[in-house]
Chemist: 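What follows is a single structure, and I will ask about it in a moment.
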Amino acid sequence: MRVLTISGSRRINSSNSVLLESFRDVVRGSAEVLPFKGLADLPHFDPDVDDDTMDFEVVEFRELVNSVDLVYFSTPEYIHAMPAVLKNGLEWLVGDSRFYQKRVVILQTNNTSMFASRSLREVLLTMSARVIDRASQVIPLAGNRTTVEEVLSNSSWRELLKKSFDEAVRDYLNIEGS
Ligand SMILES: Cc1cc2nc3c(=O)[nH]c(=O)nc-3n(C[C@H](O)[C@H](O)[C@H](O)COP(=O)(O)O)c2cc1C
């Protein structure tokens with residue numbers, strides 16, 4: 001199984017990126033996890049751009065998304081919304097029919113910033129993605145300074161990440177959860 005992870009944060013020690021990196025460690029051996037680091041390199045979305053005039057970065061991003069079985073998102077909330085850099089990336093996927101029914105999971109690093117995750121879910125549903133709610137977990141990291149080592153040494157966080165992936169696989173294999 002190939003999984004792309006997309007963090008909505010550009011911050012070097014981002015808790016959302018840490019969570020997705022930890023996810024990669026937890027599922028190592030069961031899935032190939034590719035972290036997407038290029039959100040900030042995408043140009044501002046422009047509806048006048050077509051397939052012939054599209055920047056290489058956008059073409060590459062679309063191909064990468066198309067090549068995976070699953071996309072994992074984790075995003076901070078900025079002013080009660082997802083960061084513009086993430087919304088911009090999603091806007092570039094709107095014209096790509098291959099995104100239809102793409103399996104996606106939304107992780108969240110705290111249970112207070114609800115606006116961004118809810119709006120991300122709404123945006124993804126509007127784009128006809130298949131949001132796997134049972135795999136979409138809140139993993140309440142302690143603030144935004146948590147390290148990968150701390151996440152991996154916390155058995156309940158590890159368990160939540162594992163459970164999320166198990167649910168995503170179950171959805172992929174079309175098995176009903178118990
Ligand atoms: C510009 C800006 C706006 C923010 N707005 C909100 C907000 O509306 N609600 C909220 O809960 N947190 C808000 N925050 C806090 C971030 O969501 C929080 O620090 C998050 O953990 C950052 O994620 P990261 O560690 O992945 O960078 C804001 C932070 C910044 C920099």
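What you see below is based on every heavy atom in this structure, not just the backbone, and it leaves out hydrogens, waters and symmetry mates. Whatever order the structure lists ligands and atoms in, that order sets their numbers, starting from 1.
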Chemist: Counting only heavy atoms closer than 4.0 Å, does ligand 1 sit against the backbone of Arg11, its side chain, both, or neither?
Modeler: side chain
Chemist: Of the protein's non-hydrogen atoms, which lies at the shortest distance from atom 13 (C) of ligand 1, and what is that distance?
Modeler: Glu77 O, 3.0 Å
Chemist: Do the side chains of Leu107 and Phe115 join up, straight or via other hydrophobic residues, at under 4.5 Å, putting them in one cluster?
Modeler: no
Chemist: With a sphere of 6.0 Å drawn around OH of Tyr172, does it hold more than 12 non-hydrogen atoms of other residues, nucleotides or ligands?
Modeler: no
Chemist: Can you measure from CD (Gln137) to NZ (Lys162) and round to the nearest 0.5 angstrom?
Modeler: 12.5 Å
Chemist: Which ligand 1 atoms are under 4.0 Å away from a heavy-atom of Pro76?
Modeler: 17 (O), 20 (C), 22 (C), 23 (O)
Chemist: Going by atom types alone, do Asn110 and Thr112 pair a side-chain donor with an acceptor below 3.5 Å?
Modeler: yes
Chemist: What's the shortest distance from atom 19 (O) of ligand 1 to any protein heavy atom, and which residue and atom give it?
Modeler: Asn144 ND2, 3.0 Å
Chemist: State whether a side-chain donor-acceptor pair under 3.5 Å links Ser117 with Gln108.
Modeler: yes
Chemist: Suppose I only count heavy atoms of His80 and a 4.0 Å limit; which atoms of ligand 1 are within that range?
Modeler: 7 (C), 8 (O)
Chemist: Hey, which atoms in ligand 1 end up nearer than 4.0 Å to a heavy atom of Asn16?
Modeler: 23 (O), 24 (P), 26 (O)
Chemist: Please state which protein non-hydrogen atom is closest to atom 10 (C) of ligand 1 and give its distance, to 0.1 Å?
Modeler: Ser113 OG, 3.5 Å
Chemist: Which of the numbered atoms in ligand 1 are below 4.0 angstrom from a heavy atom of Ile79?
Modeler: 3 (C), 4 (C), 5 (N), 6 (C), 7 (C), 8 (O)
Chemist: Which of the numbered atoms in ligand 1 are under 4.0 angstrom from any heavy atom belonging to Ser15?
Modeler: 21 (O), 23 (O), 24 (P), 25 (O), 26 (O)
Chemist: Would you please determine whether Thr112 falls within less than 4.0 Å of ligand 1 on a heavy-atom basis?
Modeler: no
Chemist: Is it the case that one hydrophobic cluster holds both Val33 and Val26, taking links as side-chain heavy atoms less than 4.5 Å apart, direct or via other members?
Modeler: yes
Chemist: Out of curiosity, Arg62 CZ to Glu57 CD, how far, rounded to the nearest 0.5 Å?
Modeler: 13.5 Å
Chemist: Any idea which protein heavy atom is nearest atom 27 (O) of ligand 1, and the distance to it?
Modeler: Ser9 OG, 2.7 Å
Chemist: Taking atom types as modelled, find out whether Ser136 and Asp133 have a side-chain donor-acceptor pair closer than 3.5 angstrom.
Modeler: no
Chemist: So which heavy atom in the protein is nearest atom 31 (C) of ligand 1, and how far is it from that ligand atom?
Modeler: Tyr78 CE2, 3.8 Å
